[in-house]
Amino acid sequence: MSDVVLIGLGAVGGIAAHVLTEAGVEVTALEAGPRLDAGQMTFDELRNDVKAWLSAPKAAGETPTWRTSPSEEARQAPWPTLMVNAVGGSTVHYPGLSARFHPWNFESRTRTIERYGAGAIPEGSTLADWPVGYGELEPYYEAVERAIGVAGASGASTFEGPRASEYPLPPLRRSGWNTLADEAARRLGWHPFPAPAAINSEPYNGNPECTYCGFCTGNGCYRTAKGSADATVIRRAEATGLLRIETGARVIRIEVDEDGLASGVTYVQDGRERFQPAKTVLLGTFTYENTRLLLLSRSRAFPAGLANNAGQVGKHYLAHATPFVLGRFPGRRLNLFNGLWAQATCVDDWNADNFDHTGLGFVGGALLTAAQELKPIAAANAPLPPGVPRWGSGWKAWLKENGQSVGTLNAQVETLAYEDNVLDLDPAAKDPYGVPRVRVTHSLRENERRSWDFMVEKLETWLLEAGASETWRGQDMFVEARHCYGGTRMGDDPESSVVDRFGFAHEVPNLGVLGTSTFPTTGGHNPTLSAQALAWRTAAHVTRTRFPIGSASGTTV
Amino acid sequence: VTDRRAAALAALLDRVVPSDEHGPGALEAGVAAYVDDALAGEPDLERRLAALAALPDAELDGDPLFELVRRRAIEGYFAGPAGWELLGYPGPRAVWTAQEQAIE
């Protein structure tokens, strides 16, 4: 019997393992993937980005199917789903951009109605306030920033909520591109700031500093300078002696006892089915797998899936939309083929409700970024300006002249929840183990179209101000399924949410859910830091309420 | 791999990334084996590649198999020194200095 069993040992499971073991709680972590080490992290775009080798053990086989409405047949999703199964999870290969959500993000429904009236919420949208506010989460943001090592310029972001302390590390080096973008944004009257990043700008907690190699995203750090969970919180949790990690452990079901409480977890390891009993179960996999495991865990008490008697599991699914715009800077060498994605200039002037939305017809906004780490295959595959040939000698000549002179800017656009944007189990598609895959039913609406177009125009304005001679757009509106949310929404009302304000299932009080699947909204920033702050809070709640001092198995006092 | 399939693929690769005054082509860069491996599993490949190779330039764009060949050719070519040089990228290295990250 474990005090706590963690399903998944990634961004959020790693945080929970750290907090629980520090409090003397004995933890078993079941991780589907292997352990990786820094020696495997080579500078190989083909292996890392094109073949996505880190997703191979499990995630690649369970990529959800996708459709835009219930009347369609779901098909293979057209977008990549960059989940990693490994100790450390997707933080192994994430870029680490770690901005906090703005206070507005936690109460966007109430504040939108207050400022613009109830008509500002689109019909069919299930936009909801979070049951947690920025003020309650602030100490946990601070704790996570210290534990993983976030580099940033304290006070540089005009729109950030109040901070009790400074970033533990100074910001990353400013590249030429970062500075060019920063100066252009200031001339436009915007308020740019260096991206906060879970990357060591200096040596931190026994790990060395970043060397700006250019192979950060899609790859693990070759020298553990990234604040990925494996290199930080998981390592510390293991050092307590209270964390047992089972790798290659694929969880197939969460079990319940006669009282409807979670009793433990059934998993498959080395081809054998095993059971791990536990007093508390924390589910901390990717958005899709959190929903899938609940729906697969049927029992007499929960015939439609665990914690799903109110029919809320899989509802309120969301994903960021991510436009990008390219610009040509003739004769200039931008040197973007190095550094890292989180070495960026950020603009939040068009995020959240930091600007007047009157007459714009959309809710929320986007983080705009000017980042490094353009990789060569990605650069050669990028959209070309109108009139440039896509292959052959004319194309080569254009690349020869402009390969170093094309810069891109990106946005992460908030999208809204809608009644019919949902996850369920696909009745037809199975993963390689014969388990149903998740089916995504999701479409972007007028609200998102208007926000997308607005942000694309801002990106174009920014590029031209920075000196681009021409700009052209990337893909038309699409969702970025690597930033996805919902399916186990957090809320106070058991009829419209799955977990409560501490992350525990309304229907199963000893089952906690960690990760972005609990987010009621997407926010306009990268989600991992906020998911980790929530995970810290959930784990702290476990130690306070379920294992008061001395009652945990591992505590010797 | 049959001779006919290899010849058709080579002809296409030589059109996607030709050898010219801007640098080596896909064939000199040794990209054919990567693309051929990546196409494994495509049905009726030999016949379709041969048919594609016989088309004039204007009819290639938008053909699903051509788009796949093109994408795989780009992956193979820009994974190595020939593509890097074309883009002005000096190649992978562990440490980049502030000066190397400046705009020139």
Side-chain angles (χ1 to χ4, degrees), chain A residues 42-47 49-51 173-181 209-215 222-223 329 331-340 343 372 374-382 389-407 466-467, chain B residues 12-26 28-31 33-35 37-38 56-58 60-63 66-104:
Chain A
T42 55
F43 304 151
D44 184 346
E45 187 184 6
L46 205 51
R47 180 194 69 155
D49 299 74
V50 176
K51 296 184 180 170
R173 176 203 293 159
R174 309 296 287 150
S175 70
W177 177 244
N178 294 162
T179 302
L180 185 76
E209 75 285 4
C210 172
T211 64
Y212 302 89
C213 72
F215 292 87
Y222 81 101
R223 66 195 316 251
F329 295 75
R332 303 190 82 174
R333 188 180 169 87
L334 300 179
N335 280 319
L336 296 175
F337 296 112
N338 55 43
L340 58 158
Q343 185 185 17
Q372 290 287 129
L374 182 61
K375 296 194 189 92
I377 295 171
N381 263 326
R390 297 167 64 245
W391 48 277
S393 266
W395 170 65
K396 278 182 75 185
W398 192 89
L399 284 181
K400 182 88 181 170
E401 189 187 338
N402 296 295
Q404 272 282 4
S405 305
V406 175
Chain B
L12 285 166
L13 290 175
D14 197 41
R15 287 162 75 183
V16 173
V17 192
S19 176
D20 59 19
E21 71 270 28
H22 305 300
E28 289 165 86
V31 172
Y34 170 76
V35 178
D37 282 353
D57 282 2
L60 289 175
D61 272 315
D63 178 280
F66 178 73
E67 293 302 329
L68 196 57
V69 169
R70 178 184 158 272
R71 200 173 82 221
R72 298 307 187 190
I74 287 175
E75 289 166 5
Y77 190 75
F78 291 91
W84 299 339
E85 196 175 324
L86 187 66
L87 290 171
Y89 170 52
R93 60 174 83 146
V95 183
W96 293 80
T97 65
Q99 199 180 353
E100 290 163 339
Q101 290 202 302
I103 291 181
E104 296 157 37

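Chain letters run A, B, ... following the sequence lines, proteins first and then strands; every chain starts at 1. Remember, it's a predicted structure, so these values are computed and weren't measured experimentally.
Between A/Trp395 and B/Phe78, the ring-plane angle classifies as perpendicular under the 30° and 60° cut-offs.
Top candidate by heavy-atom pairs under 4.5 Å with chain B, chosen from A/Trp177, A/Phe329, A/Phe337, A/Phe215, is A/Phe337. In terms of non-hydrogen atom pairs under 4.5 Å with chain B, the most contact-rich of A/Pro376, A/Gly331, A/Pro389 is A/Pro376. Note: A/Lys396 leads A/Gln404, A/Lys396, A/Lys400, A/Glu45 in heavy-atom pairs under 4.5 Å with chain B. Note: B/Gly23 leads B/Gly83, B/Ser19, B/Gly23, B/Gly25 in heavy-atom pairs under 4.5 Å with chain A. Most heavy-atom pairs under 4.5 Å with chain A: of the set B/Glu21, B/Glu75, B/Arg15, this distinction falls to B/Glu75.
Here CZ of B/Arg93 is found 8.5 Å from CG of A/Asn338. Values are rounded to the nearest 0.5 Å. Note that the CG atom of A/Leu336 and the CD1 atom of B/Ile103 stand 7.5 Å from one another [nearest 0.5 Å]. Rounded to the nearest 0.5 Å, atoms NE2 (B/His22) and OG (A/Ser393) are 6.0 Å apart.
Proximity to chain B (any heavy atom under 4.5 Å) is shown, for A/Arg174, by neither the backbone nor the side chain. Contacts of A/Arg173 with chain B are made by side-chain atoms alone, with heavy-atom separations under 4.5 Å and no backbone atom involved. At a 4.5 Å heavy-atom cutoff, the contact between A/Leu46 and chain B is made by side-chain atoms alone. Residue B/Arg70 touches chain A through its side chain alone, counting heavy-atom pairs closer than 4.5 Å. At a 4.5 Å heavy-atom cutoff, the contact between A/Leu334 and chain B is made by backbone and side-chain atoms alike. Both the backbone and the side chain of B/Trp96 come within less than 4.5 Å of a heavy atom in chain A. Contact annotation for A/Glu401: neither backbone nor side-chain heavy atoms come within less than 4.5 Å of a heavy atom of chain B.
The backbone N or O of A/Arg333 lies less than 3.5 Å from no partner atom in the side chain of B/Glu104, so there is not a single donor-acceptor pair. Looking at A/Thr211, its side chain does come within 3.5 Å of a backbone N or O of B/Ala94 through a donor-acceptor pair. In this structure a side-chain-to-backbone donor-acceptor pair under 3.5 Å is present from A/Asn335 to B/Ala102.
The minimum heavy-atom distance between A/Asn381 and B/Arg71, with the atom names listed, is OD1-CG, 4.2 Å.
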A/Trp391 vs B/Asp57, test: side-chain hydrogen bond (donor to acceptor under 3.5 Å, both in side chains). Steps then yes/no. CA-CA 10 Å; A/Trp391 48 277; B/Asp57 282 2; over 6 Å; no
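No more than 12 heavy-atom neighbours from other residues, nucleotides or ligands sit within 6.0 angstrom of CD on B/Glu85.
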